[in-house]
Enquirer: 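Sharing a structure with you now.
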Amino acid sequence: MTSALRTRAVHAGRADLADLGLHAVPIDFSTTYPARDSAAEARRIDEFAAGGEITGIYGRIGNPTVERFEQALAELEGFGHAVAFASGMAAVSACLLSAVSQGKPHIVGVRPLYGGTDHLLTTGLLGTDVTWAAPDDVAGSLRPETGLVFVETPANPTLSELDIAALAEACGEVPVLVDNTFATPVLQRPGRHGARLVLHSATKFLGGHGDVMGGVVACGAEEAARLRALRFATGGVLHPLAGYLLLRGLSTLPLRVQAASATAAELVERLGTHSAVYRVHYPKLGGPLVSFEVTGDPHAVLGAVRLITPAVSLGSVDTLIQHPASLTHRIVAEDDRAGSGITGGLLRLSVGLEDVEDLWQDLDQALKAG
C-alpha cells in the first residue's frame with residue numbers, strides 16, 4: 001500500500017510493533033549477543049563477510065534499534081537499503097573509502113560542499129584524489145579510476161542548486177552521491193533523479209532537536225554491503241540511543257520542515273528589502289535554510305541576536321545563525337571559499353519553529369546593530 005510521506009514518516013521502521021505488543025520502539029543496548037552454537041555463528045560471520053545482512057553476534061555488526069532507523073530512512077528516500085554511522089563525516093568517510101577499496105580513488109567534487117567534506121577531499125587523507133569541477137564540467141573530468149561524483153544540493157552554505165538528473169545522466173556508470181542534508185526527503189529525493197547514494201548528516205533535520213549526532217547513507221544492496229563492511233572494520237557505529245532518537249525525529253520531519261520552510265520564505269521576502277542586507281540566497285526548492293550577505297559587520301549581527309541562537313549546525317527546532325567563513329568553512333582555503341561564493345559578509349540562517357514575527361523582530365534589530 002502506497003501512502004503519503006507524512007504517513008510513512010510516522011510508521012516507517014515500526015510496522016511490526018503492534019504484533020509485538022509494543023507501541024514505543026524498543027532500545028537494544030547490547031554490545032554482544034550470546035549464542036551456544038559457535039559453528040552456526042561462524043557461518044553467520046561468513047554470510048556477513050559475503051555481503052549479507054545479519055543481526056546479533058556483536059554490536060559493531062549491527063543493532064536492532066539502529067536497523068529500524070535505517071529501514072525508515074531508506075523507505076523515505078526510496079531506496080532498498082540505508083547504512084547509519086556515528087556522524088555525518090563518518091558516513092562521508094565510508095563512502096570515500098568504498099571508492100578507494102574498489103580501486104577507484106578519483107573523486108569529482110562540485111563546490112561548495114560542507115567545509116569538513118571539502119577538507120577531507122582536498123587533503124586526500126583517505127587516499128582519494130579530487131578534481132573540483134563546475135556542474136557542466138563534471139562529465140569532462142571523469143577518468144577510468146573515478147569512483148564517485150560528490151555534490152550537495154542545495155549547497156552549504158550558498159544554497160546553490162544543480163540538476164541532479166542531468167548530472168547523473170552525464171556521469172553514466174560513475175555513481176553520483178548527493179548530500180541531501182539541507183533538503184531532506186521532504187523536499188527532494190535524489191534517488192528518483194538518478195543519484196546512486198544519498199547522504200545525510202542525520203544530526204541536522206532528521207534528528208531535529210540538536211541533541212543527537214549521526215550520519216546515514218541510502219543506497220542499493222551492493223553499496224550497502226560495502227558500507228556495512230567498512231563500518232564494521234573502522235568502528236564508526238551509531239549508538240542505539242542515537243538510532244532511537246533519529247527514528248523518533250523522522251516521525252515529525254515533514255511537519256517540521258514544512259513549517260520552518262513557510263517561515264523561511266516569509267523571512268526571505270523581508271530580508272530582500274532590508275537596508276542592511278546586500279543579497280539574499282534562497283533555493284528554488286524552498287526549505288528552512290536562508291543565506292544572506294550583509295552590508296555591515298557580520299560579527300556584530302551575530303553578537304546582537306537574542307532569540308536566535310548563534311551556533312553552527314542546523315535543522316533544529318530553534319533558529320540558528322552562523323558565519324560560514326569563520327566556522328563551518330574556515331578550514332577551506334580563502335581563495336576556494338571565495339571562488340564558491342562564500343564571502344566574508346555571508347551569514348547562514350537555519351529557520352526553526354518560532355513565530356515569524358518574533359524571529360523578524362530579532363533579525364531586524366541585530367541587522368541594525370551590525
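Numbering starts at 1 and runs along the sequence shown.
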Enquirer: Does any donor atom in the side chain of Thr131 or His106 lie under 3.5 Å from an acceptor atom in the other side chain?
Expert: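 Indeed, the side chains of Thr131 and His106 share at least one donor-acceptor pair under 3.5 Å.
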Enquirer: For residues Leu285 and Gln188, determine if any side-chain heavy atom of one lies less than 4.5 Å from a side-chain heavy atom of the other.
Expert: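 In contact.
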Enquirer: Can you name the closest pair of heavy atoms from Leu206 and Phe69 and give their distance?
Expert: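 Closest approach of Leu206 to Phe69, heavy atoms only: CD1-CZ, 4.3 Å.
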Enquirer: Does one hydrophobic cluster hold both Leu159 and Leu162, with members joined at side-chain heavy-atom distances below 4.5 Å?
Expert: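 No, because Leu159 and Leu162 fall into different hydrophobic clusters, even though each may have its own neighbours under 4.5 Å.
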Enquirer: From Leu5 CG over to Thr184 OG1, what is the distance, rounded to the nearest 0.5 angstrom?
Expert: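 Here the rounded value is 8.0 Å.
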Enquirer: Pair Arg14, Glu75 - check salt bridge (charged side-chain N to carboxylate O under 4.0 Å, His left out), show working.
Expert: CA-CA 12 Å; Arg14 299 172 170 84; Glu75 180 179 336; over 6 Å; no
Enquirer: Looking only at heavy atoms, what is the nearest atom pair of Tyr58 and Tyr33, with distance?
Expert: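 It is N-CD1, 4.0 Å.
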Enquirer: Mind listing the closest non-hydrogen atom pair of Arg196 and Glu173 along with its distance?
Expert: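 Closest heavy-atom pair between Arg196 and Glu173: NH1-O, 3.3 Å.
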Enquirer: Contact between Val92 and Phe85 at the side-chain level, heavy atoms closer than 4.5 Å - yes or no?
Expert: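 When only atoms from C-beta onward are counted, Phe85 and Val92 do not touch, as no gap falls below 4.5 Å.
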Enquirer: About how many Å separate CZ of Arg231 and CG of Leu97, when rounded to the nearest 0.5 Å?
Expert: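 Here the interatomic distance stands at 14.5 Å.
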Enquirer: Are Leu353 and Leu253 connected, step by step, through hydrophobic side chains (Ile, Leu, Val, Met, Phe, Trp, Tyr) whose heavy atoms are closer than 4.5 Å?
Expert: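 No; Leu253 is not reachable from Leu353 via cluster members.
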Enquirer: Go through the side-chain N and O atoms of Asp318 and Thr309 and say whether any donor and acceptor fall under 3.5 Å apart.
Expert: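 Yes - a donor-acceptor pair under 3.5 Å links their side chains.
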Enquirer: Using a distance-only test with no angle check, is there a side-chain donor-acceptor pair under 3.5 angstrom linking Arg330 and Ser326?
Expert: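 No pair is found: no donor N or O on one side chain lies under 3.5 Å from an acceptor on the other.
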Enquirer: What closest approach, in Å, do Ser350 and Phe205 show between heavy atoms, and which atom pair accounts for it?
Expert: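 In terms of heavy atoms, the two residues are closest at OG-CZ, 4.5 Å.
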Enquirer: Between Leu289 and Leu267, is there a shared hydrophobic cluster once you connect ILVMFWY residues whose side-chain heavy atoms come closer than 4.5 Å?
Expert: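 No, Leu289 and Leu267 fall in different hydrophobic clusters.
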Enquirer: State, yes or no, whether a side-chain contact exists between Leu346 and His281 at a heavy-atom distance under 4.5 Å.
Expert: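 Side-chain contact under 4.5 Å: yes.
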Enquirer: Hey, mind stepping through Ser98 and Leu230 against side chain to side chain contact (heavy atoms under 4.5 Å, CB included) and telling me if it holds?
Expert: CA-CA 7 Å; Ser98 175; Leu230 282 163; 3.8 Å; yes
Enquirer: Indicate if Leu177 and Leu227 have the same hydrophobic cluster label, given that clusters are the connected sets of ILVMFWY residues with side-chain heavy-atom separations under 4.5 angstrom.
Expert: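 Result: yes, single cluster for both.
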Enquirer: To the nearest 0.5 Å, tell me how far Gln365 CD sits from Leu367 CG.
Expert: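 Taking CD in Gln365 and CG in Leu367, the distance rounds to 8.5 Å.
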Enquirer: Find out whether Glu70 and Val83 are in side-chain contact, i.e. whether some heavy atom of one side chain is under 4.5 Å from a heavy atom of the other.
Expert: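 Yes - at least one pair of side-chain heavy atoms lies under 4.5 Å apart.
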Enquirer: Might you point out which heavy atoms bring Ser313 and Leu320 nearest each other, and give the distance in Å?
Expert: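 It is O-CD1, 3.5 Å.
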Enquirer: Run the salt-bridge test on Asp129 and Lys104 with the 4.0 Å N-O cut-off and return the result as yes or no.
Expert: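 Lys104 and Asp129: not salt-bridged.
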Enquirer: Working note: Ser93 + Leu120, criterion side chain to side chain contact (heavy atoms under 4.5 Å, CB included); need CA distance, chi angles, decisive distance, verdict.
Expert: CA-CA 8 Å; Ser93 298; Leu120 193 59; 3.6 Å; yes
Enquirer: Of all heavy-atom pairs between Ala260 and Pro288, which one has the smallest distance, and what is that distance?
Expert: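 Taking every non-hydrogen atom into account, CB-CB, 3.7 Å.
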Enquirer: Leu142 and Leu96: same hydrophobic cluster, using ILVMFWY side-chain contacts below 4.5 Å?
Expert: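 Not linked; separate clusters.
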Enquirer: For Asn180 and Arg189, does a side-chain donor sit closer than 3.5 Å to a side-chain acceptor?
Expert: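 Asn180 vs Arg189: no donor-acceptor pair found between side chains.
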Enquirer: Given side chains that start at C-beta, do those of Thr146 and Ile107 come closer than 4.5 Å, heavy atoms only?
Expert: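 No; the side chains remain at least 4.5 Å from each other.
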Enquirer: Look up atom CG in Leu349 and atom CG in Leu271, then write down how far apart they are to the nearest 0.5 Å.
Expert: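 CG of Leu271 is found 7.5 Å from CG of Leu349.
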Enquirer: Going through the checks in order, is the salt bridge (charged side-chain N to carboxylate O under 4.0 Å, His left out) test met by Glu41 and Arg44?
Expert: CA-CA 5 Å; Glu41 294 292 86; Arg44 296 178 68 227; 3.0 Å; yes
Enquirer: Should Arg226 and Glu222 count as an ion pair when the cut-off is N to O under 4.0 Å?
Expert: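 Yes.
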Enquirer: Could you go through the side-chain hydrogen bond (donor to acceptor under 3.5 Å, both in side chains) check for His200 and Glu77 one step at a time?
Expert: CA-CA 11 Å; His200 290 266; Glu77 282 288 7; 2.6 Å; yes
Enquirer: Between atom CG of Leu359 and atom CD of Glu354, what is the distance when rounded to the nearest 0.5 Å?
Expert: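 The CG atom of Leu359 sits 4.5 Å away from the CD atom of Glu354.
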Enquirer: Is any side-chain heavy atom of Leu246 closer than 4.5 Å to one of Tyr244?
Expert: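 Result no, sub-4.5 Å side-chain heavy-atom pair not found.
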Enquirer: So, Arg68 and Asp16, do they make that salt bridge, N to O below 4.0 Å?
Expert: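 Salt bridge flag = yes for Asp16 with Arg68.
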Enquirer: So Tyr114 and His329, would you call those rings parallel, tilted or perpendicular, with 30° and 60° as cut-offs?
Expert: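 Perpendicular: the ring planes of Tyr114 and His329 meet at over 60°.
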Enquirer: Please enumerate all residues that pass side-chain contact (heavy atoms from CB on, under 4.5 Å) together with Ala133, with sequence neighbours excluded.
Expert: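 Only Val108, Asp137, Val138, Ser141 meet the side-chain contact (heavy atoms from CB on, under 4.5 Å) criterion with Ala133.
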Enquirer: Looking at CH2 of Trp132 and CZ of Arg111, how far apart are the two atoms once the value is rounded to the nearest 0.5 Å?
Expert: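 Here the rounded value is 4.5 Å.
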Enquirer: Are Val10 and Thr252 packed together at the side-chain level, in the sense that at least one heavy-atom pair is separated by less than 4.5 angstrom?
Expert: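 SC-SC contact between Val10 and Thr252 ruled out.
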Enquirer: Within a strict 4.5 Å, meaning less than it, do heavy atoms of the Arg43 and Phe48 side chains meet?
Expert: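 When only atoms from C-beta onward are counted, Phe48 and Arg43 do not touch, as no gap falls below 4.5 Å.
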Enquirer: Side chain to side chain contact (heavy atoms under 4.5 Å, CB included), that's the test. Do Ser291 and Thr158 meet it? Break it down for me.
Expert: CA-CA 6 Å; Ser291 290; Thr158 63; over 6 Å; no
Enquirer: Among Gln71, Arg228, Glu223, whose side chain to side chain donor-acceptor pair (under 3.5 Å) with His81 holds?
Expert: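 Of Gln71, Arg228, Glu223, side chain to side chain donor-acceptor pair (under 3.5 Å) with His81 is met by Arg228 alone.
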Enquirer: Among side-chain atoms of Glu293 and Thr343, is any donor-acceptor pair under 3.5 angstrom?
Expert: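 Yes - a donor-acceptor pair under 3.5 Å links their side chains.
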